[in-house]
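Owing to the predicted nature of the structure, the values given are computational and were not obtained by experimental measurement. Numbering of ligands and ligand atoms starts at 1, following listing order. All heavy atoms count here, side chains included; hydrogens, waters and symmetry mates do not.
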Amino acid sequence: MTELAVIGGSGFDRMQGLEIVRKEQVDTPFGRPSAPLIHGTFQARRILFLPRHGEAHTIPPHQVNYRANLWALKQAGATRVVGVAAVGGIHGEMGPGTIVIPDQIIDYTYGREHTLFEGDLSEITHIDFTLPYCESLRRTLIVAAERAAVEVINAGTYGATQGPRLESAMEINRLERDGCDLVGMTGMPEAALARELELCYAGCAVVANRAAGRGEGEITMAEIERNLVGGMERVRLLLSAWIAAF
Ligand code: HPA
């Protein structure tokens, strides 16, 4: 059964080289996922792919049905899930184009459907989240990056903000004081829901821009899109080496 899955983010709504075997429209107890699940082959290995923001990139971060996405992947047999995401770089070493495999999260989101545990309190509701990402999956990604000669930073704290607006410079200062190295809008509740479903989940973050107040002038969508092109191509090489390892 397929077990590797990739959730694609901004700049990675499609995975070049992925041969689509079939698309499956899935219904879950939480509604529909962002798009039909793509069952495909990548270098002769079966994988699942789901574009987080929809096939035509129409779903903003705060309206993604994270619960349905993770549920659908689990139901389709995924055990290991990589969430690719565009982020802003707060840490000075995390400039545009940098790929980071984060190891910690701080959640600043609000009003999102953030848990699968509702009503039936006979279930365990308090997942351990000391290490929010699956360490074994993080390691396999880092090893794959080495094998593919793709430079990555192998740790960092991801601050998940609500969006869809970008942050103020002072909000970024606060995030930095809190210990955040990166800022993005989709890391939560995705990581926590994966843990609730006992999926091994890791993030692969691509810096699209310096965070607010850290670069020069305004942050534009044109800048973000431009910077993501090269970064996402390197993510593809990294994932290609990751998939080949199974
Ligand atoms: N902030 C939040 N999310 C982002 C950013 C940012 O600067 N860039 C890309 N996603």
Side-chain angles (χ1 to χ4, degrees), residues 6-14 34 50-54 56-66 69 82-112 114 132-133 152-153 155-193 201-236 238-239:
V6 175
I7 300 177
S10 297
F12 208 79
D13 297 311
R14 274 179 198 79
S34 299
L50 182 61
R52 185 188 290 114
H53 299 284
H57 202 94
T58 48
I59 310 170
H62 60 297
Q63 286 177 339
V64 169
N65 190 340
Y66 295 95
N69 286 355
V82 177
V84 178
V87 296
I90 299 175
H91 193 291
E93 280 173 23
M94 299 182 187
T98 308
I99 300 175
V100 185
I101 310 298
D103 64 336
Q104 277 295 334
I105 296 179
I106 300 180
D107 186 9
Y108 301 92
T109 66
Y110 48 86
R112 299 184 180 190
H114 65 287
Y133 297 105
V152 297
I153 294 181
T157 298
Y158 179 116
T161 54
Q162 176 67 0
R165 68 165 175 84
L166 296 167
E167 299 71 34
S168 70
M170 205 47 99
E171 284 171 334
I172 292 298
N173 288 349
R174 176 170 77 124
L175 263 63
E176 184 173 47
R177 283 198 301 278
D178 284 354
C180 297
D181 302 301
L182 303 164
V183 56
M185 301 174 190
T186 56
M188 286 293 280
E190 196 167 276
L193 292 166
Y201 172 91
C204 179
V206 183
V207 178
N209 55 284
R210 291 213 182 262
R214 301 299 157 100
E216 278 159 31
E218 283 180 17
I219 301 165
T220 65
M221 283 312 292
E223 170 196 353
I224 289 182
E225 279 160 22
R226 207 173 41 243
N227 288 332
L228 284 178
V229 175
M232 289 303 175
E233 175 50 25
R234 281 179 294 116
V235 166
R236 204 178 72 80
L238 191 171
L239 289 179

Donor-acceptor pair, side chain of His53 and main chain of Pro60, under 3.5 angstrom = no
Ligand-side contact atoms (ligand 1) for residue partner Ala86, heavy atom cut-off under 4.0 Å =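 That gives atoms 9 (C), 10 (N) of ligand 1.
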Taking only heavy atoms of Gly184 into account, list the atoms of ligand 1 that are under 4.0 Å away from them.
->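 Going through ligand 1 atom by atom, the ones under 4.0 Å from Gly184 are 2 (C), 3 (N).
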Is ligand 1 under 4.0 Å from a heavy atom in the side chain of Val87, in the backbone, in both, or in neither?
-> backbone
What part of Leu166 sits under 4.0 Å from ligand 1 if we count only heavy atoms: the side chain, the backbone, both or neither?
->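 Only the side chain of Leu166 comes within reach of ligand 1.
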If you have a sec, work out which protein heavy atom is nearest atom 7 (O) of ligand 1 and how many Å separate them, to one decimal?
->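 So the nearest neighbour among protein heavy atoms is Asn209 ND2, 3.0 Å.
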So which heavy atom in the protein is nearest atom 4 (C) of ligand 1, and how far is it from that ligand atom?
-> Val183 O, 3.7 Å
Between [atom1] on residue [X] and [atom2] on residue [Y], distance to nearest 0.5 Å:
X      : Y      : atom1 : atom2 : result
Ile153 : Met94  : CD1   : CE    : 4.5 Å
Tyr110 : Gln162 : OH    : CD    : 5.0 Å
Tyr66  : Thr186 : OH    : OG1   : 5.0 Å

NZ/NE/NH1/NH2 to OD/OE distance under 4.0 Å, Arg226 and Glu223 = no
Which option out of Gly11, Gly88, Gly89 puts a heavy atom nearest to atom 5 (C) of ligand 1?
->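 The residue whose heavy atom sits nearest atom 5 (C) of ligand 1 is Gly88.
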Heavy atoms only: which of Arg214, Glu167, Arg210, Met185 is nearest to atom 1 (N) of ligand 1?
->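 Residue with the shortest heavy-atom distance to the ligand atom: Glu167.
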Single hit among Arg210, Arg177, Arg214 for side chain to side chain contact (heavy atoms under 4.5 Å, CB included) with Ile172 |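 Considering Arg210, Arg177, Arg214, a side chain to side chain contact (heavy atoms under 4.5 Å, CB included) with Ile172 is found only for Arg214.
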